Amino acid sequence: MSDTLNINNSVVDLVKGDYTDMEIESIVYYAQNDLKLGSGFGNAISMRGGPSIQDELNKFGEAETTDVVVTAGGELKTRHILHAVGPKFQEEYLSDKLKKTIHNCLKKAEEKGIKTIAFPPMGCGFYGVALEVSADIMFKTFEEYLSGDTSIEKIVICLNDNREFIPFHERLNKNS
Amino acid sequence: MSSNNRSHKAELVIERLGKKLNRQIVGSLAACVHCGMCTDSCHYVLANPDDPTYAPAYKADKIRKVFKKHYDWTGKVLPDWVGAKSLYTDEELEELRDIVFGKCTNCRRCSINCPMGVDFATFNRMTRGLLVNVGIMPEGVAVVSKDQWEIGNQMGVLKEDYIDTVEWMSDELVDEVNDPKAAIPIDKEDAKVVYSINPREVKYDPRTIADAAKIFYAAGEDWTMPSEGWDMTNFGLFSGDDDLGGAVGRRLYEKVEQLDGKKLVISECGHGYRSTRCEAQNWGQTDVNFKMESSVETMLDYIKEGRIKVDKAKNDSSYTYHDSCNFARSCGMTEEPRELLNLVVDDFREMYPNRGENYCCTGGGGAMSMSEYTPQRLKSAKVKADQLAATGAKFVVTSCHNCVDGLSDLIKHYKLDMEVTQLVNLVADALIIEEKVPVVEEVAPVEVPAEAVEEAPAEVLNGYSFLVTDDEPDMVVFLSTVLEDNGATVFKAHNGDEAMDIARKEKIDLMTLDIHMPGKSGREVFEEFRNDDDLKDVPICIITGRPELRSLIYDRPVPPPEGYMDKPVSEDDLIKNMKKILKVRS
């Protein structure tokens with residue numbers, strides 16, 4: 001069983017760890033509509049990255065669900081943060097919105113010339129998306145996007161523990 | 001809105017209710033005869049005798065009516081007779097939220113007093129979970145839940161801060177007992193004991209970590225603390241989110257298994273013990289292959305087996321014991337703490353009622369995270385305050401970190417002359433440890449220059465400038481005196497404006513800051529510092545007598561304070577915290 005999936009000229013990797021402390025070109029933060037970093041990973045981004053990230057976010061005001069806004073990484077080990085406003089708490093049309101949010105992350109990254117992105121399991125945990133559902137939607141969206149002409153070279157899905165890792169690992173290997 | 005005029009969220013709540021029904025919950029939902037026995041057992045009712053909306057049976061009916069309407073045949077046949085009613089709007093869900101989170105601490109006192117066996121707390125918790133699932137919850141619950149889901153502990157303590165604090169405590173202990181073997185082992189494989197803690201210990205009370213380490217060291221225990229998966233608290237128990245409960249439990253269990261630990265020892269925490277020892281295996285659908293026990297049992301065994309020696313004369317005040325609801329009422333841990341307490345103190349005074357009948361501290365395993373309900377929570381604490389006062393003890397001992405905060409809060413509110421402590425502190429204070437004499441190898445005498453034998457200065461804060469900001473003159477005098485006695489230069493501010501003036505004129509290495517002050521509040525000063533280019537890097541330690549206001553600081557969109565202390569503050573704790581923030585090693 002592999003932790004890596006090749007799609008066209010790009011690669012998707014699964015890793016375990018805290019992605020807010022990762023040395024990588026960009027990371028995705030599952031943001032709220034008011035673009036306040038808040039607690040959880042937002043707290044880690046504030047603590048490790050410093051106040052400049054929230055300052056930059058404040059200039060955007062609010063964002064709609066599926067929107068993605070990009071800030072610098074402050075003092076984090078990443079250069080860019082893609083703040084992706086995903087659907088939450090079993091809201092209506094959740095799957096479609098989640099897919100569009102992930103698609104918009106890739107599109108926005110490409111616009112900014114970003115080649116490497118670290119994703120958390122999108123919408124899982126606090127916001128209630130089941131790991132299996134998130135894995136399926138993430139891989140489907142990556143497959144569709146990366147099969148076309150793209151400059152994105154690498155996607156890393158960062159998972160906290162075995163409970164999160166196993167469903168993603170199974171989904172990845174279902175494909176390969 | 002769906003076709004039946006019901007909101008999407010209300011639809012989801014009703015649908016999920018059906019999936020949560022098991023024999024225990026259905027029995028509780030069906031069995032109530034409205035006899036009123038629960039009413040007299042609830043601390044909310046005792047504090048609000050004229051308000052029937054606090055009665056457990058009334059609160060239960062708000063949930064029961066939905067069950068009757070959708071899942072019980074009586075509600076389908078005789079809906080009006082049995083009070084069956086549905087839910088339609090988000091506003092109704094919000095009203096339900098204020099009942100299940102704001103009018104009950106899930107203490108289960110009504111549950112054990114119900115002659116029909118109705119466990120209100122269990123389906124109150126279930127209802128919390130239904131609401132959390134659709135995003136309807138108090139802000140504080142959302143903040144804590146997200147921290148525990150994503151960072152792995154419910155106070156958002158980052159790994160580097162946890163490791164730093166454990167290493168700091170380790171260094172202090174090594175210095176204190178003069179033995180490098182006292183160092184706290186992190187991630188040691190195959191240890192007999194893996195010790196898990198409450199993040200509150202890292203953030204607000206690191207002394208409990210040092211005290212536990214001292215006890216393990218004195219017992220000669222083969223032990224370790226994990227670098228990750230160390231949080232034994234579980235906010236899923238409070239929020240009703242079984243998925244969170246399972247995820248947190250599995251993270252902790254997996255770490256013990258990864259280290260091949262033989263026993264998981266859970267530090268003193270009521271809801272932590274209940275969730276880790278009794279509940280999370282069900283939530284997480286998992287088994288464990290190691291033993292789990294409370295540190296209370298561990299410490300008691302050490303004394304009984306002669307592995308540690310204690311001198312109860314070292315704890316020479318008067319002590320009473322508060323039974324945590326989760327630890328005592330839900331898990332039956334009532335005798336072990338009393339037996340241990342009687343081994344380490346002379347003057348133990350029982351509190352009445354006690355054990356399973358004890359009243360809740362109103363901390364409720366997480367209730368203090370919801371500042372919007374603080375006034376009604378403190379009002380309901382009156383019966384607990386009366387219980388405490390009646391003992392005449394100077395200290396209330398509890399085996400629960402939530403209770404430490406809940407009790408501290410009500411002691412301040414009701415102006416009781418009492419302090420809160422835990423068994424780990426008392427056992428550590430009573431320890432008899434023979435000082436290790438370093439083995440000195442025989443070497444030829446060397447002439448030592450006179451300046452080299454001078455003792456290191458005792459004034460550990462020499463050269464540092466502090467700004468003490470507090471509206472209580474006594475507090476300013478106390479903090480300044482302690483800091484000055486340790487070599488610091490101190491500037492004093494009695495309000496927020498004064499603090500800003502001084503900070504802009506003087507070079508400040510650290511500011512201590514009260515939250516609740518007339519005029520410009522501590523929150524405003526804190527935010528002004530963080531948003532000021534010249535002051536944003538000044539470390540700030542919040543020192544407050546209003547722990548319920550901590551969210552005013554921690555929820556701000558600026559980096560959090562470097563330190564936090566609850567009043568009353570002891571000299572030792574103040575200096576330890578200042579040294580930690582400034583990274584001063586003695």
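Quick caveat: nothing in here was measured; it's all calculated off a predicted structure. Reminder, nothing fancy here: chain letters follow the sequence lines and each chain counts from 1.
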Choice from B:L244, B:V134, B:N531 maximising heavy atom contacts with chain A below 4.5 Å: B:V134
Is there a donor-acceptor pair under 3.5 Å between the side chain of B:N234 and the backbone N or O of B:V248? no
For residues B:F529 and B:F526, establish whether the separation of their ring centroids is below 6.0 Å. no
Please classify the contact between B:D161 and chain A as side chain, backbone, both or neither, with a heavy-atom cut-off of under 4.5 Å. side chain
Portion of B:D243 that has a non-hydrogen atom of chain A nearer than 4.5 angstrom: neither
Donor-acceptor pair, distance only, cut-off 3.5 Å: does the side chain of A:S134 make one with the backbone of A:G123? no
Is the centre of the A:F119 ring less than 6.0 Å from the centre of the A:F142 ring? yes
Among the options B:V132, B:L158, B:D241, pick out the one with the most heavy-atom pairs lying under 4.5 Å from chain A. B:L158
Do any N or O atoms from the side chain of A:E91 and from the backbone of A:K88 form a donor-acceptor pair under 3.5 angstrom? yes
At a heavy-atom distance under 4.5 Å, which candidate from B:G246, B:A247, B:G152 has the highest pair count against chain A? B:A247
What part of B:L12 gets closer than 4.5 Å to chain A, counting heavy atoms only: side chain, backbone, both or neither? side chain
Check whether A:Q90 gets within reach of chain B through its side chain, its backbone, both or neither, counting any heavy atom under 4.5 Å. both
If you tally heavy-atom pairs under 4.5 Å against chain A, which of B:R530, B:K536, B:E160, B:Q148 wins? B:E160
Please name the residue in the list A:E56, A:H83, A:H80 that meets the side chain to side chain donor-acceptor pair (under 3.5 Å) test with A:T71. A:H83
Please state whether the side chain, the backbone, both or neither of A:N162 comes within less than 4.5 Å of a heavy atom of chain B. both
Short question: side chain of B:E228, backbone of B:K255 - any donor-acceptor pair under 3.5 Å? no
